[in-house]
Amino acid sequence: MFEGYRGETAALATMHGKETVIAPAMLAHLGLNVMTPAGIDTDALGTFTGEILRVGTMRDVAIRKARIGMRASGLRLGIASEGSFGPHPQIPFFRAGLELMVFVDDERHLIITEALIAEEISHDEAVVVSASELEPFLPRVSFPNHALVVAPNLTASPWWKLHPERARSRKGIVSYDELVDAVDRAGRISEDGRARITTDLRAHMNPTRMRAIARLASLLAVRIATECPQCHAPGFGRVRPALGLPCRDCGEESTIPSGDILRCVACEHEREQRRLPICEFAEPGECPRCNP
Ligand SMILES: [Zn+2]
Ligand SMILES: [Zn+2]
């Protein structure tokens, strides 16, 4: 186990209360303290988008965010997380959240990344004239336990380009009275008289997301605490699945995963870890050649 972070402090760049779940995980697994620098604007790096979930670009944004916190605090260790919501990367027609967290160490020149797919995220939207139409929608999105965002549904005319502040959405709505008022206002200014209601995905407004971030913080802390068997750097962990088990009949690679490839972020040492239960071969039914 890597002990090098015991008693050190990392800057966590967040405006959304993520320290409540990230700090305990880092302290428990690493003895690492976490502080959140005041007065930073992580929303400047962009808010939620609904495109295909891509780890690459999210990781870049998370690293930039971590460095904002490190600059603001003068610390050489930084943590940041990013969430994205869109079509599931493996399951068609299924929406999911991808949560990604980075740990940046400018002392050792390391970046350690962990990610998870949060399949229970209830990201939904409704378009209505009045709040009374939201009867089935509200329990589905766990309102008021989870907050909502209300915006005018249609603001297409050029006038809105000149008055963007008038079309602005109202976020963090957690009471029914507030919701009724926001829907009325948004409906009055929308060109079609309707309001668009979406789930507020900011971590402090969405307990489901906060739980996913807590789970991810533990996974990241455990990965950081895992030493490379070769160079003893922190952050040794899974980077991709290993090749599938060979087919019993033809010996070709099957669709049954045999294990994981673990890799060091410092020396690039790789090792294969077999998954349990250990089988030597896959049945021909799982072989794309024998059973196409
Ligand atoms: Zn086969
Ligand atoms: Zn190594």
Side-chain angles (χ1 to χ4, degrees), residues 1-12 22 25-34 55-56 58-60 62-64 66-67 70 75-82 90-92 99-116 216-292:
M1 201 168 113
F2 187 79
E3 292 283 341
Y5 295 121
R6 201 158 287 283
E8 293 206 43
T9 303
L12 171 65
I22 296 176
M26 296 299 153
L27 192 63
H29 293 282
L30 298 162
L32 174 69
N33 301 301
V34 169
V55 172
M58 278 175 75
R59 184 172 178 270
D60 296 341
I63 293 168
R64 278 208 294 279
R67 291 204 186 284
M70 292 158 77
L75 293 167
R76 307 204 65 187
L77 303 176
I79 300 171
S81 100
E82 267 293 293
Q90 278 104 37
I91 309 171
E99 298 286 351
L100 179 142
M101 199 175 291
V102 295
F103 176 74
V104 179
D105 178 346
D106 274 354
E107 203 74 58
R108 297 171 182 80
H109 307 288
L110 301 175
I111 297 175
I112 301 169
T113 312
E114 189 62 87
L116 64 79
L216 178 57
S218 290
L219 291 175
L220 177 63
V222 167
R223 182 186 285 255
I224 297 168
T226 308
E227 266 184 26
C228 169
Q230 190 124 306
C231 75
H232 304 288
F236 192 70
R238 180 187 188 275
V239 285
R240 62 176 186 277
L243 288 178
L245 286 173
C247 167
R248 190 185 297 283
D249 277 7
C250 74
E252 289 281 303
E253 186 191 345
S254 73
T255 54
I256 301 294
S258 62
D260 297 308
I261 302 296
L262 311 182
R263 186 184 168 93
C264 172
V265 291
C267 76
E268 308 195 334
H269 169 67
E270 279 190 359
R271 190 163 65 77
E272 190 177 328
Q273 186 181 54
R274 279 299 180 103
R275 276 185 205 167
L276 295 171
I278 301 163
C279 301
E280 295 280 336
F281 296 101
E283 296 310 316
E286 309 293 343
C287 169
R289 190 164 147 190
C290 297
N291 187 23

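Both ligands and their constituent atoms are indexed starting at 1 by order of listing. Since the structure is predicted, the reported quantities are computational estimates derived from the model, not experimental observations.
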Output field for angle at the Zn ion (ligand 1), C287.SG vs C250.SG, rounded to 10°, should show 100°
Metal site the Zn ion (ligand 2): N/O/S of C231 inside 2.8 Å
yes
From the Zn ion (ligand 2) out to just under 2.8 Å, does an N/O/S atom of H232 turn up?
no
Using a strict threshold of under 4.0 Å (side-chain N to carboxylate O), is an ion pair present between E270 and R240?
yes
Looking at D106 and R67, does any basic side-chain N land under 4.0 Å from a carboxylate oxygen?
yes
S258 versus R274, closest heavy-atom pair with distance
O-CD, 3.3 Å
With the Zn ion (ligand 2) at the center, what angle do SG from C228 and SG from C267 span, rounded to 10 degrees?
110°
Please state whether the rings of Y5 and F103 are parallel, tilted or perpendicular, taking 30° and 60° as the class boundaries.
perpendicular
